[in-house]
Number of protein chains: 2
Amino acid sequence: MEDMPHPVRATVASLARRAGVAASTVSRALRDDPRISPEVRARIAALAAEAGYTPNALARTLVSGRSGLIGLVLGPMDNPFYAEMMQQIVSQAAARGWRLLLLHAGDGPMEEATAAALLQYRVDGCLITSAGLSSRAASVCAENRVPLVMVNRVAREHGSAVSCDNLAAGETLAELLMQAGHRRLAVITGNPGTSTGLERTEGFVRRVLAAGLPAPLLLPGGASHAAGYAAGQSMAALPAGERPDAVMGVSDILAMGAMDALRGAGLSVPGDVSVVGIDGIAAAGRVPYRLTTVAQPLEAMIARGLDMLLARIGGAQVPDEVVLLRGSLIRRASARLVAPGQG
Amino acid sequence: MEDMPHPVRATVASLARRAGVAASTVSRALRDDPRISPEVRARIAALAAEAGYTPNALARTLVSGRSGLIGLVLGPMDNPFYAEMMQQIVSQAAARGWRLLLLHAGDGPMEEATAAALLQYRVDGCLITSAGLSSRAASVCAENRVPLVMVNRVAREHGSAVSCDNLAAGETLAELLMQAGHRRLAVITGNPGTSTGLERTEGFVRRVLAAGLPAPLLLPGGASHAAGYAAGQSMAALPAGERPDAVMGVSDILAMGAMDALRGAGLSVPGDVSVVGIDGIAAAGRVPYRLTTVAQPLEAMIARGLDMLLARIGGAQVPDEVVLLRGSLIRRASARLVAPGQG
DNA sequence: TTGAAAGCGTTACCAC
DNA sequence: GTGGTAACGCTTTCAA
């Protein structure tokens, strides 16, 4: 190891000096501009490698107007779904050569300074995955014409969105449960004001009513296992005659919490109560849950979202759009799937 | 809504023009330089607000040499521990006014371009939470003198680290299990080459041997629930006389997988087998796991890690250091805690 | 094919 | 107190 006091970073100018050419020549050579002669290009490339040259992306931004950064706003991490989503985002963004400025993660409100950073660092666009309806980042983007795509939530006022067809997912599960002969249905709802949860609930309820059954029991839930657990406990506490025989959690994690509570209270799932969820998180597929669910097409959603962002960053005056992708039903052991006596 | 074709961003120069002062004055006024007279400062502040001025952090970086960015490298997200850690990092970094450049998340190797981005965006420092021993980011940082702190792993060659005292955690759990009368012990190990897992295993084994018991059975594990589940199945398949009566997973998620497998095979936890883990993730505390574990002091670890990073970014020639924080034992229902016949 | 110079937005230094 | 000017590192005209 050398022991230079200040390992000064090589710059285009320093390389130019050492190569005896102009800075513009170095800049062009390094970006493989076809106008530069092969010899010069090779010489500069060698020099750059030797000096350990790394272009300064920030300086480049200043002149190009593009930062290559996209702001990322993540939802509450206590739902594993968001962790899975994040992993998708990170790998797909990297594959496209974008860097992620991680602005927020969690349920709380975004800090003032963080919202400001979104603008100060001149992100090219913003990806918002928080399910909450009131997203600070969204309005900041809209006010400042920063291209914005929301994933897993609908755009209320501005911006585009890509999301699972939540209404259809709710309907699918209601249909599934009714066909299996369930008659007393329930829904564990999401956080109030959360679009995904509302839509899933609505799809479910609509389908049940359309079939002529009484409206499902709505159990207040939230976004966490604990909330689902509480809802499950309140179900278990009902007299057997009033207790629903099937329940949908508006997210897998809620459904999992409910299963744990029901079983903890001595009830059998799916023997006494069928439980289904929506999201398709990995944990829900495993023992002891084996949850029947509608899986969101996560990879495709992110790919689509980044496509949309790219189009808007490109400068084209593309109108806002909302894309709905259909989820896929996964039948597993948490729900009885045939009417009693048919098996 | 106005309909300006190009909502040109206000700059220091444009504000200076409109205020009839020099750019340097605007710059000073905006940063509350005491030399600027109150009237001028007020006038400029008003103008800036009206124009919706946002300083360009990238341009500022160019002259100051500080980007305010810290690179973040996250481990495999299928372990909820990393999600919890991320949330801590995001909120604590924001509180200190740092922005996070999310470079990597997951188990796979870091892409070439991503490693380059670390340098190109001139991150002030790097926080690495991946448990894998071979971290590409670490060597990039070291070679380029980018301050580096690793969390939840020890620094091998360069850089500083803050970590839980994994050895002590393993010892604590071995002691706990032996005191409860367990005699046939086992460990579900982590990914090979992962320092945290190795240390936890070593602490456990050391303590068991010191007590004169036979060496614990080492079951190959990994980093996921599935790996723990497989290990649990192999335990359950052993003849009753050879089956361990207590097992430690080197992480909570492994222990949870093992519990699910053991119970799935008809065994009782903790009736037939006691199970303990390490990490203290939220999911492990809940029904049906109620896992006895050693919780990592996550909040303190991150705070300490950021402190260390700050000190090194400050420019002070601080020598590399490794900080070990002690975890805290949480006794729950997954392990029998008294010798049979003592209750 | 290459060079010179201007400019991106900000801050720091030196005058006044 | 405030104004000029240079500088950060890069790209991009416009000339040659």
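Since we're looking at a predicted model, the values are computed, not measured. Computed over heavy atoms, backbone and side chain alike; hydrogens, waters and symmetry mates excluded. Per chain, numbering begins at 1; letters A, B, ... match sequence-line order.
Contacts of A:Ser27 with the nucleic acid, taken as non-hydrogen atoms under 4.0 Å apart, include base atoms.
Residues B:Ala223 and B:Asn191 approach most closely at CB-ND2, 3.5 Å, considering heavy atoms. The shortest heavy-atom contact between A:Ser160 and A:Arg312 is OG-NH1, 3.0 Å. Nearest heavy atoms, A:Met110 versus A:Arg136: O-NH1, 4.0 Å.
The residues A:Glu299 and A:Arg304 are annotated as not salt-bridged, no charged nitrogen and carboxylate oxygen being separated by less than 4.0 angstrom.
If you take CG of B:Asn56 and C1' of C:dG7, they are 14 Å apart, rounded to a whole angstrom. Look at CZ on B:Arg35: it is 13 Å from P on C:dT11, rounded to the nearest Å. Distance, B:Asp33 CG to D:dG3 C1': 14 Å, rounded to whole Å. When the P atom of D:dG9 is taken as reference, atom CG of A:Leu30 falls 15 Å away, rounded to whole Å. Taking atom CD1 on A:Ile36 and atom C1' on D:dT11, their separation rounds to 13 Å, with Å as the unit. Rounded to whole Å, the distance from CG on B:Leu58 to P on C:dT11 is 13 Å. Going from atom CD of A:Glu39 over to atom C1' of C:dT2 covers 13 Å, rounded to whole Å. Nucleotide C:dG3 holds its P atom 8 Å from the CD1 atom of A:Ile44, rounded to whole Å.
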Between B:Ile89 and B:Thr129, does the side chain to side chain contact (heavy atoms under 4.5 Å, CB included) criterion hold? Intermediate values first, please.
CA-CA 10 Å; B:Ile89 294 173; B:Thr129 75; 3.8 Å; yes
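Remark: B:Tyr121 is not in phosphate contact with D:dG9, judged by side-chain N or O atoms under 4.0 Å from OP1 or OP2. Phosphate contact (OP1/OP2 of C:dT2, side-chain N/O of A:Arg41, threshold under 4.0 Å): absent. Within the structure, a side-chain polar atom (N or O) of B:Arg60 is placed less than 4.0 Å from OP1 or OP2 of C:dT11. Proximity of B:Arg17 to the phosphate of C:dG9: no side-chain N or O atom is located under 4.0 Å from OP1 or OP2. Applying the 4.0 Å criterion to OP1 and OP2 of D:dG1, one finds that B:Arg28 has every side-chain N and O outside that range. Put simply, A:Ser37 has a side-chain N or O that comes within less than 4.0 Å of OP1 or OP2 on C:dT2.
Residue whose closest nucleotide on DNA chain C sits further toward the 5' end, between B:Thr54 and A:Pro34: A:Pro34. In this structure, B:Thr25 and A:Ala57 both approach DNA chain D, and ranking their closest nucleotides by distance from the 5' end singles out B:Thr25.
For A:Val40, the listed nucleotide lying nearest its side chain is C:dT2; candidates were C:dT11, C:dT2, D:dG4. For A:Ser24, whose side chain is taken as the heavy atoms from C-beta onward, the closest listed nucleotide among C:dT10, C:dT11, D:dT12 is D:dT12. For A:Val63, the side-chain atoms get nearest to C:dG7 when compared with the rest of C:dG7, C:dT2, D:dT2. In the set C:dA12, C:dT2, C:dT10, the nucleotide with an atom closest to the side chain of B:Val12 is C:dT10. Of the listed nucleotides (C:dG3, C:dG9, D:dG3), D:dG3 has the atom at the smallest distance from the side chain of B:Ala22.
When each of A:Leu310, A:Ile70, A:Ile313 is checked for a side chain to side chain contact (heavy atoms under 4.5 Å, CB included) with A:Pro147, only A:Ile313 meets the rule.
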